[in-house]
Every structure is written in structure tokens, then in C-alpha cells.
> 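Dropping a structure here in C-alpha cells format, bear with me for questions.
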Amino acid sequence: MIKVELARRVKDLPPYLFAGIDRMKQEAIARGVDLIDMSIGDPDIPTPAHIVEAMKKAVENPAHHRYPSYEGMPSFRQAVAGWYGSRFNVRLDPATEVVSLIGSKEGIGHIPLAFVNPGDVVLVPSPGYPVYPVGTLFAGGRPHIMPLIEENGFLPDFKSIPEDILNAAKLMFINYPNNPTSVTAGSGFYEEAIGLANKYGIIIAHDAAYSEIYYDRKKPMSFLEVNGAKDVGIEFHSLSKTYNMTGWRIGFAVGNKDVIAGLGKIKSNLDSGVFQAVQEASIIALKTGDEILSGIRDVYQERRNILWSGLRGLGLHAIKPEATFYLWVKAPQGYGSSDFTAHLLDGAGVLSTPGSGFGEPGEGYIRFALTVPVERIKEALERIKKVL
Ligand SMILES: *Cc1c(COP(=O)(O)O)cnc(C)c1O
């Protein structure tokens, strides 16, 4: 037997903070608890039928059974450019400014390999999607945390980043609409980010996975709508959340052609693109009419309204989501993130996610995902009421 030893880059990963909660969840299920699981950021609504039909047809075409290209079919990249034109009024060259991804997680995880040398700094928002710091660490980079706190509207405070950090920074991740805090950003914020990027030579990678899950008909903007954005960065996008396609694994990155080409260099050496049948179905998905999408938004809107006002009624401080299917809720006095998550699980059979799992600045909050039906949300509120 050889001694199987993990590489340092794996051994040195930050501790997995959900392990305790995972164990409690398994124990609750074993006890037969009727668990209301609001911890999962994965839509419970199926993929719209016209997309599934397009997939069935595409699967039967032998041309799609062969290796795809890593950068995506020209027709898929054209569909992406067309969608950006109609949704954001942003013009993109499908040949050079669009690349397909095997889910946006793939591109987010890989982009540091293209631009970050060992020791370089990557600016990452926290609380945030764990792939930003992990992708950074795998490339040998140093994540520098940009705390997202309520006093700043959950936007990073660029003025508080030390000069030496900015000089060492190669890449900055930002994410609006934001997971987990559910806020959006406006053009003033993006202009400030672009100013910083130009001054210090930092590539901006904006994660827009939730741009289509919004409330009160207020459409979030694209980073690329802002003047100068394409000079400094790219935007990651995904079909996962918009079309309930998390299992299909398709996303894309758009924007600065040199950044897209750098990411493409990594991809051409590591992967062989997205199954062409999935790309064909995605072309149809990107042309989905607004009735279907606003139907999906209405489902989340009703859930958001019930959970947000219900939690407020119980005296909890819950941020009213502008977008995403998450609710960011402050734990009551005397509780930390983990305690409060455990209390709701043990006492009420309601599972949320401790905010501290998204990074230290998330401590003191919990996150609910609106991925369960209204009846279950009402039931969860009834049960939470009894244990507060
Ligand atoms: C869900 C999610 C993604 C996208 O995931 P893919 O399915 O890999 O496209 C990206 N960023 C954030 C913040 C997410 O929550």
C-alpha cells in the first residue's frame, strides 16, 4: 500500500464550515423529522418544456455526438451576443468576446490559472461564492477579502483596501445581484470598480448568474453596460438560475477579448467544451419569451414576499431581496450564524445556511433559499415562531 497524500493546495484549503450542519441535517432526517430544507441554491422548478423538447431533438443528431469545441458553437455564441443585445443593449463580437463554459462555476474556478502568478493578490467579496477564493488558492494566488457589510449596502468599500494590496492585485471578483445578500449594484458602483481597475491594472470578473431573478420588475444591469467595462473585464453568466438548468452545465463568459482568450487558453488545455445538444437547447433557451420568465419570477416573488414579511413579523431583521432567490437574515441577539442555524434545525426542522460559511464577514447572518413551495414556507414560519 502506498501512502496517499493530498497535495498542499488541497490540504491547505479553508475548513469546510458546513460539516457540522450537514451532520445535524443527516441526524434530523434519521430521526424522521419532516425537514423543510431552505439551504439549497438550486431551483425546485423544472426546466421549461420547450427547452427540454429542443434537447430531445438535438440528442438525435449524430453531428452532436462528437467532440465540441472548447469555445462553443458559433451559433451558440451568436445567440449569447443576441441575448446581450436585446437584454442589456450591449454589443458583443461572438467570435472573440464570447466563450461557452461548462457552467459558470467552471470559468470562475479556472480564470485565476490564466492571470494569477503565485503570490499575486485576488480581491474577493465576502460573504461570497466560495469558488472565488478557492480558484485563487489553486492558482497559488492570495485572496484578499473585501467585506460586504450592511452599512455599505453590501458593496465592497474600495477606499479601505491598502495600497500595497492594490498594487499586488491581478484580478477582482464582484457579484451582483449578490449571493448571499440579495442586493443589486448600480452604475456608480461599477464606475468606481472600473476606475480602480484602470489605476492598478486589475482585471474585473463580474459574476451575473442572478441577473434574471429579480423582483418588483426592477431589472438588474449588466457590468458591461457601463462605459469602459469592456476595457477592464468580463462578465460570467449562466443558464442555471435563469432557466432552471443547473443540472445541464452550461454558462458563458463575455467581454474583454484578451481576457476571454486567456480563459480560453486554460480551457483548450483542460476541457473539450459543452455537449453540442446542450448548446442547441440553450440557443432555444436564450430566445425564451418573457411570459415564461416572468412566470418563474412571479413564483419567487410570492415566496419572497411571504418569507420576508413573515420573518419581519416575527421580529427578525431580514434584508428585502432586490434579486436572487435568497434571503439574508440577521440572527437574533445572542446567536451566531451556526447557533441560530442549529436552533432552527433542531427546534423547528427548518434548514438554512449559516452566513459564516460564506466567509467571516457573513458571521451573524443566515441565508434562506426560496427553493421550496409557498405552503412549506408558511409551515416554516409557523414552526420558527414557536422557537423564537
Ligand atoms: C449558482 C451560482 C453560479 C452558477 O453556477 P453554474 O451552475 O456553474 O453556472 C455562479 N455564481 C454564483 C454566485 C452562484 O450562486
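As a basis for the values below, the full set of heavy atoms in this structure was taken, side chains included, without hydrogen atoms, waters or symmetry mates. Start at 1 and go down the list; that is how both ligands and their atoms are numbered.
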> For ligand 1, which atoms sit closer than 4.0 Å to a heavy atom of Gly103?
8 (O), 9 (O)

> May I ask you to say whether Arg383 pairs ionically with Asp34, meaning some side-chain N is under 4.0 Å from a carboxylate O?
yes

> Do Phe325 and Tyr210 make the cut of ring centroids closer than 6.0 angstrom?
yes

> Taking 4.0 angstrom as the limit, do Lys267 and Asp271 come out as a salt bridge?
yes

> Got the closest protein heavy atom to atom 4 (C) of ligand 1, with its distance?
Ser104 OG, 3.1 Å

> Identify, by atom number and element, the atoms of ligand 1 in contact range of Asn179, meaning under 4.0 Å from any of its heavy atoms.
13 (C), 15 (O)

> Mark the output for Gly251 as yes if a heavy-atom distance to ligand 1 is under 4.0 Å, and as no if none is.
no

> Does an N or O from Asp207, backbone or side chain, lie closer than 3.5 Å to an N or O of ligand 1?
yes

> Take every heavy atom of Phe236, measure it against each atom of ligand 1, and state whether any distance is under 4.0 Å.
no

> Thinking salt bridges, do Asp258 and Lys230 make one under a 4.0 Å N-O criterion?
no

> Could you check Ile194, Val226, Leu155 and say which one makes a side chain to side chain contact (heavy atoms under 4.5 Å, CB included) with Phe189?
Leu155

> Please state which protein non-hydrogen atom is closest to atom 15 (O) of ligand 1 and give its distance, to 0.1 Å?
Tyr210 OH, 2.7 Å

> Counting each atom of ligand 1 from 1 as listed, which ones have a heavy atom of Lys241 under 4.0 Å away?
1 (C), 2 (C), 3 (C), 4 (C), 14 (C), 15 (O)

> On the six-membered ring of Phe252, is Arg77 placed so that its NZ or CZ lies under 6.0 angstrom from the centre and within 45° of the ring axis?
no

> Classify the angle between the aromatic ring planes of Phe340 and His343 as parallel (below 30°), tilted (30 to 60°) or perpendicular (above 60°).
parallel

> Give a yes/no on ligand 1: does Thr246 have at least one heavy atom closer than 4.0 angstrom to it?
no

> What atoms of ligand 1 come closer than 4.0 angstrom to any heavy atom of Ser240?
6 (P), 7 (O), 9 (O)

> Which atoms from ligand 1 have a heavy atom of Ala209 less than 4.0 Å away?
3 (C), 10 (C), 11 (N)

> Side chain to side chain donor-acceptor pair (under 3.5 Å) between Asp42 and Thr246: does it pass, once the steps are laid out?
CA-CA 7 Å; Asp42 189 350; Thr246 48; 2.7 Å; yes

> Tell me the contacting part of Glu106 for ligand 1: side chain, backbone, both, or neither, using a 4.0 Å heavy-atom threshold, strictly below.
neither

> Taking Asp290 first and then Arg297, would you say they form a salt bridge - that is, a charged N and a carboxylate O separated by under 4.0 Å?
yes

> Would you say Arg249 touches ligand 1, if touching means a heavy atom closer than 4.0 Å?
yes

